[in-house]
Participant: 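One structure follows; several queries about it will come next.
As a basis for the values below, the full set of heavy atoms in this structure was taken, side chains included, without hydrogen atoms, waters or symmetry mates. In what follows, every chain begins at residue 1, and chains take the letters A, B, ... in the order their sequences are listed.
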Number of protein chains: 2
Amino acid sequence: MATRGRPRTFDPDTALRQALDLFWERGYEGTSLNDLAQAMGIASASIYACFGSKEDLFRKVMALYGTTSGEPPRRALREQPTTRAAIHAMLRATADEITRPDTPHYCMLILAAPTGAVENHAVREFLADLRRDMHTTIKDRLARGITDGDLTAPPASLDAIARYYTTVVQGLSIQARDGADRAELEAVITCAMAAWDTLTSAPSHQVN
Amino acid sequence: MATRGRPRTFDPDTALRQALDLFWERGYEGTSLNDLAQAMGIASASIYACFGSKEDLFRKVMALYGTTSGEPPRRALREQPTTRAAIHAMLRATADEITRPDTPHYCMLILAAPTGAVENHAVREFLADLRRDMHTTIKDRLARGITDGDLTAPPASLDAIARYYTTVVQGLSIQARDGADRAELEAVITCAMAAWDTLTSAPSHQVN
DNA sequence: CCTTTTTGTTGTCGAACGACCAACAAATCG
DNA sequence: CGATTTGTTGGTCGTTCGACAACAAAAAGG
């Protein structure tokens, strides 16, 4: 199957990265195909040939986003030994990502298309599904903590605790969007972790 | 002063309320003037004559929003006797507002225009300013708690605590947008209030 | 070497929609 | 009636996404 015919003159991965940057900056509806074609250095016809529709392109962009900016928080959840450390590191990794000097100060997943025209309903629900996955991922980590033994069955339900920290993550994105710096986010995270001991009734740890 | 000329055939207040409903549902950029004219029952030229530009209309809509949906949380902050009760009641009032069956399940202030095309920068910053006011309002309430005497100078700074609860409020809006119901938001609020005693080092209260 | 096949590029087109406004019709006042 | 204010009609002018034709370029196969 090889490479019959004229080879591509642009790198799809690079073009996708450039599309990501633009979508990140302006959101889904705020980005036009002309903008994209210009940023990607190719004609709009080439976009359609290589990536499909605008929505298809956006979904591929979000997949790339998930494996790049989305990875550090997920890795924190995965690799930290204790559940408490995992949640704390996840929050800090999130804060790191949304205050990087070279990218917009917010999470694309949360703010690229929270609301909009009726014809883009599918895109909004696509992102909402990804956000609901955040809650599930956090909840799974809490459940692992119980099987690991470092978390005893807490008074508050796992679902509530997971939703609480998901809420904090999403709120942090708004804070960063509105200009809060890394240190201010850190202070918020410290406050959020202050609830941990009460929620899990594990008096051994102390808030620093 | 006098009603010279042809009288209006529509009620500006009613029309503004209808514009609010549409902006609430679709966000700023997702709402077109044609949509607005249809929902308000008047021609787009009448909108310009009565309200000015689309942006002017939106600002007036947000003022109405602030005095209606925005009032219960603010009143909670104002009228509750203790600082803790004020914060708690403010969170619950927020949850009430963003899960009402007859309105979209999110706060307009937060999700109507978090991101978008470059030409709407002014609208985004207008909303960002209103959001930053939330932080200030909460912080002022905490400061009042200290002068009232029901709050002793806490270990965490007032600024951090205020930003923390602002973050929770804003996160709740995303949660509601993604389908969380009133009970689930209540559980999140309970978790968020679990941090209170640690943050203020006032061991008299207990999380219920 | 030439044909076939595949792909990219350029340019454009089209139907729809965006915000906005000028000109005119209508209605109520003094 | 004339003055004044409002509503409506219809349009401007730019942009939107999406599609297509026509052509250029490059690789594979014979």
Participant: What I want to find out is whether Arg124(A) reaches Glu119(A) closely enough, with some N-O distance under 4.0 Å, to be called a salt bridge.
Facilitator: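 Not counted as a salt bridge, because no side-chain N and carboxylate O are separated by less than 4.0 Å.
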
Participant: Start with the C-alpha distance between Arg59(B) and Asp56(B), add both sets of side-chain angles, then the distance that settles salt bridge (charged side-chain N to carboxylate O under 4.0 Å, His left out), and finish with yes or no.
Facilitator: CA-CA 5 Å; Arg59(B) 287 171 186 262; Asp56(B) 291 335; 5.2 Å; no

Participant: Rounded to whole Å, how long is the line connecting atom CG of Asn120(A) with atom P of dC17(C)?
Facilitator: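 Whole-Å distance recorded here is 14 Å.
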
Participant: Of Ala43(B) and Pro7(B), whose closest DNA chain D nucleotide lies nearer the 5' terminus?
Facilitator: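 The residue mapped nearer the 5' terminus is Pro7(B).
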
Participant: Using atom OH of Tyr48(A) as one end and atom C1' of dA21(D) as the other, report the distance to the nearest whole Å.
Facilitator: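 Rounded to the whole Å, the gap is 17 Å.
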
Participant: Output yes when at least one side-chain N/O atom of Ser46(B) is less than 4.0 Å from OP1 or OP2 of dT6(D), else no.
Facilitator: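 The answer is no; no side-chain N or O of Ser46(B) sits under 4.0 Å from OP1 or OP2.
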
Participant: Whole-Å distance between dA19(D) P and Lys54(A) NZ?
Facilitator: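 To the nearest whole Å, that distance equals 14 Å.
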
Participant: Is there a donor and acceptor pair closer than 3.5 Å between the side chain of Arg6(B) and the base of dT6(D)?
Facilitator: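 Donor-acceptor pair under 3.5 Å: yes.
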
Participant: Of all the nucleotides listed (dG18(D), dG7(D), dT9(C)), which has the minimum atom distance to the side chain of Phe10(B)?
Facilitator: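 Taking heavy atoms from C-beta onward, the closest nucleotide is dG7(D).
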
Participant: When you check the gap from the basic side-chain N to the acidic O, do Arg17(B) and Asp13(B) get nearer than 4.0 Å?
Facilitator: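 Salt bridge absent between Arg17(B) and Asp13(B).
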
Participant: Should Arg8(A) be listed as having a side-chain N or O under 4.0 Å from OP1 or OP2 of dT7(C)?
Facilitator: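 For dT7(C), OP1/OP2 do not have a side-chain N/O of Arg8(A) under 4.0 Å.
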
Participant: Atom CD of Glu119(B) to atom C1' of dC20(C): distance rounded to whole Å?
Facilitator: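 Distance check: Glu119(B) CD to dC20(C) C1' gives 14 Å.
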
Participant: For a quick test of reading the model, state the closest non-hydrogen atom pair linking Gly179(B) to Glu184(B) and the distance between them.
Facilitator: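 It is O-OE1, 4.2 Å.
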
Participant: Below 4.0 angstrom from OP1 or OP2 of dA27(C), is there any side-chain N or O of Thr9(B)?
Facilitator: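 Negative; the distance criterion is not met.
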
Participant: Figure out the CD1/P separation between Ile47(A) and dA19(D), and round it to whole Å.
Facilitator: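 These atoms are roughly 13 Å apart.
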
Participant: Glu29(B) CD to dT15(D) C1': how many Å, rounded?
Facilitator: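 It is 14 Å, rounded to the nearest whole Å.
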
Participant: Apply salt bridge (charged side-chain N to carboxylate O under 4.0 Å, His left out) to residues Arg132(B) and Glu125(B) and explain how you reach the verdict.
Facilitator: CA-CA 10 Å; Arg132(B) 285 186 275 263; Glu125(B) 276 311 299; 3.0 Å; yes

Participant: Using a cut-off of 4.0 Å on non-hydrogen atoms, how would the nucleic acid contact of Ala45(B) be classed: base, sugar-phosphate, or nothing?
Facilitator: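 Ala45(B): base contact, heavy atoms under 4.0 Å.
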
Participant: Ignoring the backbone of Leu33(B), work out which of dC20(C), dT9(D), dA19(D) is nearest its side chain.
Facilitator: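 Shortest atom-to-atom distance from the side chain points to dC20(C).
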
Participant: Would you say a side-chain N or O of Asn34(B) is under 4.0 Å from OP1 or OP2 of dG18(C)?
Facilitator: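 Yes.
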
Participant: Can you tell me the distance, in whole Å, between the CG atom of Leu57(A) and the P atom of dG18(D)?
Facilitator: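 Distance, rounded to whole Å: 11 Å.
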
Participant: Quick one: Arg26(B) CZ to dG18(C) C1', roughly how many Å, whole number?
Facilitator: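 Rounding to the nearest Å, CZ of Arg26(B) and C1' of dG18(C) are 14 Å apart.
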
